[in-house]
Colleague: 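Structure in C-alpha cells, see below.
So that the names make sense, note that chain A is the first sequence line, chain B the second, and so on, each numbered from 1. All figures in this text were calculated on a predicted structure; none of them were measured in a lab. When reading the values below, keep in mind they use all heavy atoms of this one structure, side chains included, and skip hydrogens, waters and symmetry mates.
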Amino acid sequence: MKGIKLRRYHAPKYDEPIIMEMGVKGQRGILVPPAEKKIAEAVGPAADILPKKAQRQTPPRLPEIDQYHVLMHFLRLSQMTLGMETGIDIGEGTCTMKYSPKVHEELIRLSQMVDVHPLQPESTLQGILQIAHELESFLKAISGMDAFTFQTGGGAHATYVNACVTRKYHQERGELGKRTEVITTQFTHPCNAATPATAGFKVIILPQKNGYPDLEALKSIVSERTAALHMTNPEDTGIFNPLVDEFTRVVHAAGGLCFYDQANANGLLGIARARDAGFDACHFNLHKTFSSPHGCEGPAAGAYGVTEKLLPYLPVPLITKEGDKYHLDYDRPRSIGKVRSFYGNLECIVKAYAWIRSMGPEGLRTVAETAILNNQYLDHLLLKIKGVSRPFAEGKPRFEQIRYSLQNLLDETGFGTHEIQNRMVDFGIQSYWLSHHPFVVPEPFTPEPCETYSKEDIEYWATAIEQACKEARENPDMIRNAPHSQAVHKIKDFNQAEDADRWAITWRVYQKKKNKR
Amino acid sequence: MKIGLIVNPVAGMGGRVGLKGSDGEEIHKKALALGAQPVSPKRTIAALEALQEIREEIQLFTYPKEMGGEEAEAAGFKPEVLGSIISGKTRPEDTILAARDMAARGVDLILFTGGDGTARNIYDAIADKIPVLGIPGGVKIHSGVYAANPEKAARLIIEFMKNPAGISLRSAEVMDIDEDLIRQDRVSARLYGYLTVPHRKGLNQASKAGSDPSDAVHHDGIAMEVINGMEKDTLYLFAPGTTTKAVTDKLELPGTLLGIDAVKNRILVGKDLCEERILSLMAENPKEPCKIIVTIIGKQGYLFGRGNQQLSPAVIRRVGKENLLVIATQNKLLSLENEPILVDTGDPELDKSFEGYIPVIIGMGKRMVYPVSR
C-alpha cells in the first residue's frame with residue numbers, strides 16, 4: 001500500500017524468572033500494624049474467627065519478596081507483551097476489540113461505585129439499580145426482547161443460562177423427557193454446542209453449504225426431540241444468513257425454542273433485532289459490542305435477554321421499578337434460580353450504560369455502519385494481496401468481520417497462516433486470531449476492523465499482511481524464523497501444548513511434573 | 001536428515017491407457033503395448049528439484065536405476081544406492097525390500113512415488129514405524145498417504161526438517177482396490193492398515209480456547225457415546241477402521257482393525273466376519289435387533305462400498321437404515337472438504353435410500369448432520 005510505512009519495533013526482553021523462584025528469606029512487602037486495642041478486645045484474635053478445620057497447619061510456600069520487586073517483575077512482564085492500546089488490534093476478529101473511552105474508567109472509580117457493598121439494603125443502592133434498569137431498557141429496545149439479566153458473567157455463561165432456561169421451559173410443559181436435542185451450526189461459536197451439553201442436552205451440529213448453515217439439514221433433523229436452536233448471525237465468517245427467520249420458523253413449528261448468540265452484535269446495532277428474526281432469547285457481550293471493554297482489560301458481562309414467554313425463568317434477582325423506587329425481586333417461583341453471586345459485574349453495566357448514553361440511538365446505528373464500512377475497506381485491500389482468499393458465498397456481502405484463508409499462499413510457498421501470524425507481531429501490532437474450532441476454512445485468519453480504527457490503521461494492518469505474504473515468496477527464512485523482534489521468538493515445540501505431561505498451569509503442578517521426568 | 005526414496009517405475013502406467021491400475025506383469029506388458037509412458041520418474045524429479053534448498057542437508061538413500069537412483073541423479077543428488085534390481089522388471093517385492101533396507105539404515109522418512117499398490121508394499125515392509133510420504137504417481141489413489149502433488153511433497157519435507165513444530169504425524173489409511181475386480185467394473189477397496197504420515201497442522205489446532213485435543217480424545221468421546229447407548233440383546237456389527245476400533249478397545253474386547261466384528265451384550269461373538277458369517281449370525285435370532293457401527297473410510301468419504309464390503313446390501317437391508325450408527329471425528333468430516341459422504345453398496349436402490357442427510361456421532365453427546373450421496 002502506498003504511503004504506509006511499517007513501524008520499526010522491538011519488544012523489551014527480560015530474562016525474567018517465575019515469581020515463585022524469586023525473593024529472599026525474610027524479605028516482606030507490608031508490615032501489617034497491630035489492631036488498635038479496643039478493636040482487638042472487641043474482635044479477639046483474628047485466627048479464632050476461622051473454624052479450626054479451615055486453618056492452615058503450615059504457612060503457604062510463597063516467595064518472600066518486597067513490593068518494589070513485585071512491581072518491577074510484573075511491569076517487565078507487561079512490557080514483554082503487546083497491548084491493544086499500543087498496537088492496532090484489528091486481527092482479533094469476533095472479539096470486537098474496539099477502543100473504549102477512558103472517561104468510563106473514571107466513572108467506575110467514583111465513590112458511588114467503589115464504596116458500596118452488594119449486601120447493603122436496596123434502598124441505599126438506588127443509583128446503581130437505576131443504571132442497571134435503564135441499561136436493560138436500552139438493550140430491550142436494541143434487541144426487541146422483553147427482559148434482561150446481567151448476572152451472567154460472560155457470553156458462554158449466557159448461552160449456558162439459556163440452556164438452563166430451555167430445560168426449565170420444557171420441564172414445565174412436561175416435555176423435557178423427549179426434548180433432548182439442541183441444534184447449532186458449524187460457524188456458530190462452539191460454546192453453543194458445549195453449554196447445552198453441560199446442561200444435559202445432546203447436541204447436533206448443522207453443516208454449512210456454500211458458507212450458509214444448511215436449511216435442508218435442519219429440516220432433516222428437527223423433530224419432537226428438538227429442545228432448542230442456538231445460532232448466531234452473521235456467523236463467524238461475517239456472512240449474514242438471509243434465511244434466518246426460516247430457521248426459527250422450522251424450529252418453532254417443531255416446538256423448540258430459538259436462541260440468538262449475539263456475543264458480537266457490532267454490525268447489527270440499530271439495523272436488525274433478534275425478536276424480528278423470530279428468536280425467543282439472545283445475549284449481548286457488554287464487553288464486546290458495548291465497549292465495557294473486552295479482554296484482560298476488565299471483567300465481562302453476557303447480558304441475557306428473553307421474550308415474555310421465557311421471562312418467568314430468568315435468574316433471580318430481577319431489577320424492577322415501582323413508582324420511582326427500584327427493587328431486587330427474588331420472589332420468582334418459576335425462576336431457574338441464581339446463576340452467580342449478587343447482580344453481575346456492575347462495572348461492565350456502568351460502562352456499557354455510559355457508552356450507550358454517549359452514542360445515542362443514531363450513534364449506535366453509526367457504530368454498526370462504520371464497522372461494516374471499515375470491514376469493506378479492509379476486504380478491498382486484503383483481496384488485492386496475492387495468496388489471500390475469501391472462501392464460501394462467492395460474491396455475497398460480509399458484515400463486520402471476515403474469515404479469510406491463506407491456503408493459496410500455502411500452496412504457492414509452503415507457508416500458511418501460522419507463519420504469517422508469527423510475522424505480524426514484528427510490525428508492532430497484535431498477532432491475529434485464526435478461527436474457532438474446527439477449522440472449516442483452511443489456513444484461516446479473522447480480522448474485525450471495529451468502528452474505532454482509522455483508515456490509516458486499516459491500511460497499516462493490510463500492509464503488514466501484504467509484506468508478510470511478499471516475504472513468504474522472496475525471503476522464506478524471514479517468515480520461517482519469525483517473530484524476530486518479540487520478547488519470545490518462537491515456541492520451540494507447538495505439540496507440547498497437546499501433551500499434558502509437558503505443561504502446567506500452577507507452580508505446584510509444574511514442580512510435580514518436572515520431578516516426575 | 002536421512003531420507004529414503006522409492007520409485008515404483010511402473011506405477012501410473014495403466015492409467016492413461018485405461019487399465020485402472022498397473023499391478024502384475026501381464027498388465028504391465030499390456031500397458032506398454034498400449035503405448036503407456038512412465039509417470040513416476042518425472043514426478044519424482046519434480047519433487048527432488050523442489051528440495052534443492054535443503055539438498056546439502058539431506059542424506060538420500062535409494063534403490064538402483066529406475067527405482068530412484070536415476071531420478072536422484074537427474075535432480076542433482078548424490079544418493080547412497082542400496083540393494084539390487086533387474087532393470088525393466090521390477091516387482092512389488094523390490095519395494096518391500098527397499099523399504100526394509102532403508103529402515104535398517106535408520107531413515108527419518110521414506111518418500112515414495114507410486115499408488116495404492118506401492119503404499120501397501122511399504123506398509124507390508126515397515127508398518128507404521130517410520131514416517132512415509134507419497135508422491136501420487138499411481139492410477140489408484142484411495143489411500144490417505146499422499147501429498148497433493150510433487151511440489152507440496154517437497155514443501156512438507158522442508159518444513160518437516162526445518163520447522164518440525166508446524167508438522168505433526170498422523171495415521172493415514174492404506175487402501176487398495178482389487179484390480180482384477182475393478183477391471184470388471186466392480187470396485188472393491190480393502191483397508192490394509194495405517195501408515196504414519198507427516199501432516200501440516202491446520203485443520204486440527206490452535207482453537208481460540210487453546211489447542212484442540214488430539215484425535216485420541218475425540219475417539220474416546222465417540223466410544224463413550226456409542227457404549228452409553230448400547231442396548232441389551234442386540235447384535236452390534238463393528239465395521240473396520242480406527243474409529244470403530246476405539247469403541248471395541250474401550251469395551252476391552254479384542255476386536256480387529258480391518259475386519260467386521262460382532263458384539264452382543266458386551267461380548268465379542270464374532271471376529272473378522274465375512275458376509276456369509278454375518279448373515280448366518282443374524283439368522284440365528286431372526287427377531288433380534290441388529291445395529292451397524294460404521295465409520296467413513298478413505299479420503300473420498302465412503303460409508304459403504306470401500307473397505308467394508310462384507311457389509312453387503314443383504315446385511316444392510318436386514319439391519320435397516322435406522323439402525324446405523326455412523327461415527328467419525330469432526331476433522332475426518334472436514335477433510336471431505338464439503339463433499340458428501342458416499343455410499344456404493346453395489347445395490348443402486350439401497351444406495352438411493354441413503355441419499356439426503358445422516359447424523360454422524362462426532363463426540364460424547366454430539367452429532368453432526370452431514371449430506372450423503374451416491
Colleague: Could you look at A197(A) and say if it's the side chain, the backbone, both or neither that has a heavy atom under 4.5 Å from chain B?
Modeller: neither
Colleague: Measuring from atom CD of E151(B) to atom CD of E412(A), what distance do you get when rounded to the nearest 0.5 angstrom?
Modeller: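 Atom-to-atom, E151(B):CD and E412(A):CD are 12.0 Å apart.
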Colleague: Above 12 or not: heavy atoms from other molecules or residues under 6.0 Å from CE of M224(B)?
Modeller: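 Not more than 12 within 6.0 Å, no.
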Colleague: Measure K366(B) against the heavy atoms of chain A and call it side chain, backbone, both or neither at under 4.5 Å.
Modeller: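 Both the backbone and the side chain of K366(B) come within 4.5 Å of chain A.
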Colleague: Is chain B contacted by the side chain of T413(A), its backbone, both, or neither, given a heavy-atom distance below 4.5 Å?
Modeller: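 Looking at T413(A), just its backbone touches chain B.
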Colleague: Indicate yes or no for a side-chain donor-acceptor contact from R155(B) to the backbone of F415(A) under 3.5 Å, with no hydrogens or angles considered.
Modeller: no
Colleague: Quick check on L218(A) against chain B: is it the side chain, the backbone, both or neither that has a heavy atom closer than 4.5 Å?
Modeller: neither
Colleague: Could you walk me through whether Q330(B) and I205(A) pass the side-chain contact (heavy atoms from CB on, under 4.5 Å) check?
Modeller: CA-CA 10 Å; Q330(B) 202 169 1; I205(A) 300 170; 4.2 Å; yes
Colleague: Any chance NZ of K396(A) has more than 12 other-residue heavy atoms, nucleotides or ligands included, within less than 6.0 Å?
Modeller: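 No, because the 6.0 Å sphere around NZ of K396(A) holds 12 heavy atoms or fewer from other groups.
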Colleague: Walk me through whether N331(B) and F439(A) qualify under side-chain contact (heavy atoms from CB on, under 4.5 Å).
Modeller: CA-CA 8 Å; N331(B) 282 339; F439(A) 284 14; over 6 Å; no
Colleague: At a heavy-atom separation under 4.5 Å, does I358(B) approach chain A through its side chain, its backbone, both, or neither?
Modeller: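 For I358(B), there is no contact with chain A at all, as no heavy atom is under 4.5 Å.
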Colleague: Side chain, backbone, both or neither: which part of N210(A) has an atom under 4.5 Å from a heavy atom of chain B?
Modeller: neither
Colleague: Given the options G414(A), P196(A), P190(A), P476(A), which has more heavy-atom pairs under 4.5 Å with chain B than any of the others?
Modeller: G414(A)
Colleague: Under the criterion side-chain contact (heavy atoms from CB on, under 4.5 Å), I'd like the reasoning laid out for D477(A) against K162(B): C-alpha separation, chi angles, the key distance, then a yes or no.
Modeller: CA-CA 10 Å; D477(A) 276 337; K162(B) 289 201 165 187; 4.0 Å; yes
Colleague: Step by step, work out the side-chain contact (heavy atoms from CB on, under 4.5 Å) result for Q186(A) and V369(B).
Modeller: CA-CA 10 Å; Q186(A) 203 169 37; V369(B) 197; over 6 Å; no
Colleague: Using 0.5 Å steps for rounding, measure from the CD atom of E159(B) to the CD atom of E419(A).
Modeller: 6.0 Å
Colleague: For the candidates L206(A), D411(A), T417(A), which exhibits the highest count of non-hydrogen atom pairs separated by less than 4.5 Å from chain B?
Modeller: D411(A)
Colleague: Taking side chain as C-beta onward, heavy atoms only, is P359(B) less than 4.5 Å from I204(A)?
Modeller: no
Colleague: Is there side-chain contact between R480(A) and I158(B), with at least one heavy-atom pair below 4.5 Å?
Modeller: yes
Colleague: Is K219(A) atom NZ crowded by more than 12 heavy atoms from other residues, nucleotides or ligands, each under 6.0 Å away?
Modeller: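 Above 12, so yes.
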Colleague: Is E181(A) salt-bridged to R367(B), cutoff N-O under 4.0 Å?
Modeller: no
Colleague: Of the listed residues (S220(A), A193(A), A217(A), G200(A)), which shares the most heavy-atom pairs with chain B below a 4.5 Å separation?
Modeller: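 Going by pairs under 4.5 Å, I would pick A217(A).
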Colleague: Nearest 0.5 angstrom please: N338(B) CG to K209(A) NZ, how far?
Modeller: 11.0 Å
Colleague: Contact part of N422(A) toward chain B, heavy-atom cut-off under 4.5 Å: side chain, backbone, both or neither?
Modeller: neither
Colleague: Mind checking the CD1-CE spacing from I221(A) to M368(B)? Nearest 0.5 Å is all I need.
Modeller: 11.5 Å
Colleague: Is there a side-chain contact between D214(A) and Y370(B) (heavy atoms, below 4.5 Å)?
Modeller: no
Colleague: Would you mind checking which part of L333(B) comes under 4.5 Å of any heavy atom in chain A, side chain (CB onward), backbone (N, CA, C, O), both or neither?
Modeller: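 Contact with chain A is absent: no heavy atom of L333(B) under 4.5 Å.
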